[in-house]
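No hydrogens, no waters, no symmetry mates; every other heavy atom, side chains included, goes into these values.
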Amino acid sequence: LIILFFSIENSYSQFSPAELLTKGQEKFYSGEFPEAIKFFSDYISVATNAVNGYNYRGLSYMASNDYTRAVQDFTSIITINSSNYEAYSNRGNAYFLQGNMSSANADFTSSIQYGPNYLEGYIGRCRVNIATNNFKIALKDMNLAAGVEPKNPRVYLNKAFVYFMMNDTLKFFENVNTALYFDSNIVFTSFPRDLIFLKVQIYKGVLNTINIAVNNNPNDFMAIFARGFVYYLLNRYQDATADLKTSVNLNKIQNPIYINVVKILLRSIDR
């Protein structure tokens, strides 16, 4: 029994470092985060300076809502390489989800400093500025991001949300329309595969904000449209269809951009 216990406890030792990393990634991408953490921990024990082990374990902790340990792992990467812009961005996301906006802002700024062509730093800092009601600064971040990747739909999706928070109906729909122009299926394939779980968490946070706006003004066609749009992004197609149709019934201004956006979304839901 003792031999059996120790053989189970140390079962991962049968794998080489490369196999440990691969096994951990397989578990990570299948959403089995506790198992992924075990493989990455074993990998780190034999490859102490390999930043990919800390990165994937940090992402696994973050996906498991253990933001303190996620911060620790991303900090380990920065200790090894103080100019690792991806680690700053990932730690910024962990701080953001933890509610530590000042630390998140500092990390996203460092990510931009060391990786001026890395989009996640700009989007992350924009997210912090939205959360702290600094909407004009958030727009500046997205204008900088547009300079880096002018055809990336996520840039315009984030700009649209800023304009939603500013209650600018026209610019909100203009930016949604631009996002759809660059990605008509709304799949936003430019989102990093490693951060797909983060996308869902962010959309849920946006949904909570929009729900407050809808509750405050149940006849606001823009707020109901925005909620339907987020429902679509979360694959809640029946809820999305209901909100989009309600928005059309409440809309008194037949703006061609708005009409086009609704048609694109409803066609996409049908597909």
Side-chain angles (χ1 to χ4, degrees), residues 30-31 63 65 93 96-97 99 123-124 126-127 129-131 133 135 138-139 142 151-193 195-271:
S30 64
N65 300 328
N93 284 320
F96 177 84
L97 294 171
I123 289 180
C126 172
R127 195 180 301 130
N129 283 315
I130 292 173
N133 297 323
F135 302 129
L139 285 176
M142 284 303 91
K151 295 182 179 181
N152 191 307
R154 293 174 59 219
V155 172
Y156 304 97
L157 183 66
N158 280 275
K159 287 182 74 172
F161 185 56
V162 177
Y163 284 121
F164 173 83
M165 297 299 292
M166 297 174 71
N167 203 32
D168 190 326
T169 304
L170 179 60
K171 289 185 178 179
F172 168 74
F173 285 112
E174 284 179 349
N175 279 278
V176 171
N177 189 60
T178 303
L180 297 179
Y181 176 78
F182 289 124
D183 189 347
S184 61
N185 291 320
I186 334 289
V187 294
F188 300 114
T189 51
S190 58
F191 209 103
R193 185 186 177 201
L195 299 177
I196 291 298
F197 71 90
L198 176 66
K199 178 174 73 169
V200 175
Q201 288 176 295
I202 296 302
Y203 286 165
K204 288 180 178 178
V206 171
L207 183 61
N208 290 335
T209 300
I210 295 173
N211 272 328
I212 293 172
V214 172
N215 290 335
N216 290 337
N217 189 353
N219 294 318
D220 183 349
F221 84 98
M222 180 175 73
I224 293 175
F225 168 89
R227 188 175 67 180
F229 187 30
V230 177
Y231 280 147
Y232 177 84
L233 296 173
L234 290 169
N235 298 332
R236 294 173 57 177
Y237 299 126
Q238 290 184 340
D239 292 330
T241 300
D243 270 357
L244 292 173
K245 291 182 177 180
T246 300
S247 175
V248 170
N249 291 333
L250 291 171
N251 178 35
K252 305 300 181 185
I253 304 171
Q254 296 302 310
N255 183 295
I257 294 177
Y258 166 77
I259 295 170
N260 181 60
V261 165
V262 171
K263 287 181 178 178
I264 290 173
L265 289 173
L266 290 175
R267 283 200 304 267
S268 186
I269 289 172
D270 288 338
R271 287 199 300 272

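Taking both residues in full, the closest heavy atoms of Ala213 and Ala223 are given as CB-CB, 4.3 Å, listed atom of the first, atom of the second, then distance. Asp183 and Pro153 get closest at one heavy-atom pair: CB-CG, 3.7 Å. Closest heavy-atom contact between Leu250 and Pro218: CD1-O, 3.9 Å. When all heavy atoms of Phe172 and Ala226 are compared, the pair lying nearest together is CZ-CB, 3.9 Å.
Under a cut-off of 6.0 angstrom, the local environment of CD in Gln238 is sparse, with at most 12 non-hydrogen atoms contributed by other residues, nucleotides or ligands.
Here CG of Leu234 is found 10.0 Å from CG of Asp239. Values are rounded to the nearest 0.5 Å. Atom CZ of Phe161 and atom OG1 of Thr209 lie 4.5 Å apart (nearest 0.5 Å). Taken to the nearest 0.5 Å, the CZ atom of Arg236 stands 9.5 Å off from the CG atom of Asp243. Rounding to the nearest 0.5 Å places CD1 of Ile259 at 10.5 Å from CD1 of Ile257. Here the straight-line distance linking atom OH of Tyr231 with atom CG of Leu207 works out to 5.0 Å at 0.5 Å rounding. Taking CD of Gln201 as the start and CG of Leu195 as the end, the distance is 10.5 Å to the nearest 0.5 Å.
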Legend entry - Verdict with reasoning, Thr169 to Tyr258, per side chain to side chain donor-acceptor pair (under 3.5 Å): CA-CA 10 Å; Thr169 304; Tyr258 166 77; over 6 Å; no
Inset, instruction - Dump the intermediate steps for side-chain contact (heavy atoms from CB on, under 4.5 Å) on Ile202 and Asn93, then the final yes or no. - result: CA-CA 10 Å; Ile202 296 302; Asn93 284 320; 5.9 Å; no
Legend entry - Residues Arg267, Ile264; criterion side-chain contact (heavy atoms from CB on, under 4.5 Å); working and verdict: CA-CA 5 Å; Arg267 283 200 304 267; Ile264 290 173; 3.6 Å; yes
Inset, instruction - Before giving the answer on side-chain contact (heavy atoms from CB on, under 4.5 Å), spell out for Met166 and Leu139 the whole-Å C-alpha distance, their side-chain angles and the decisive distance to 0.1 Å. - result: CA-CA 11 Å; Met166 297 174 71; Leu139 285 176; 3.8 Å; yes
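Below 30°, between 30° and 60°, or above 60°: for Phe173 and Phe221 the angle between ring planes is below 30°, a parallel geometry.
Contact of the Tyr232 side chain with the Leu244 side chain is not registered, since no non-hydrogen atoms from C-beta on lie closer than 4.5 Å. Counting heavy atoms from C-beta outward, Ile210 and Phe229 have side chains that stay 4.5 Å or more apart. Residues Leu233 and Lys199 form no side-chain contact, since every pair of their non-hydrogen atoms from C-beta on lies 4.5 Å or further apart. Here the side chains of Ile224 and Asp220 are not in contact, with every heavy-atom distance at 4.5 Å or above. The shortest distance between side-chain heavy atoms of Met142 and Asn175 does not fall below 4.5 Å. Put simply, the side chain of Tyr181 does not reach to within 4.5 Å of the side chain of Tyr156, judged on heavy atoms. Residues Val261 and Phe225 meet the side-chain proximity criterion, which asks for heavy atoms closer than 4.5 Å. Contact annotation: the side chain of Tyr163 never approaches that of Val176 to less than 4.5 Å [non-hydrogen atoms, C-beta and beyond].
Inspection of the Asn235 and Tyr237 side chains reveals an N or O donor paired with an N or O acceptor under 3.5 Å.
The backbone N or O of Asn211 sits less than 3.5 Å from a side-chain atom of Asn215, completing a donor-acceptor pair. A distance-only check finds a donor-acceptor pair linking the side chain of Thr246 to the backbone of Ala242 [under 3.5 Å]. A donor-acceptor distance shorter than 3.5 angstrom exists from the side chain of Asn158 to the backbone of Arg154, with no hydrogens or angles considered.
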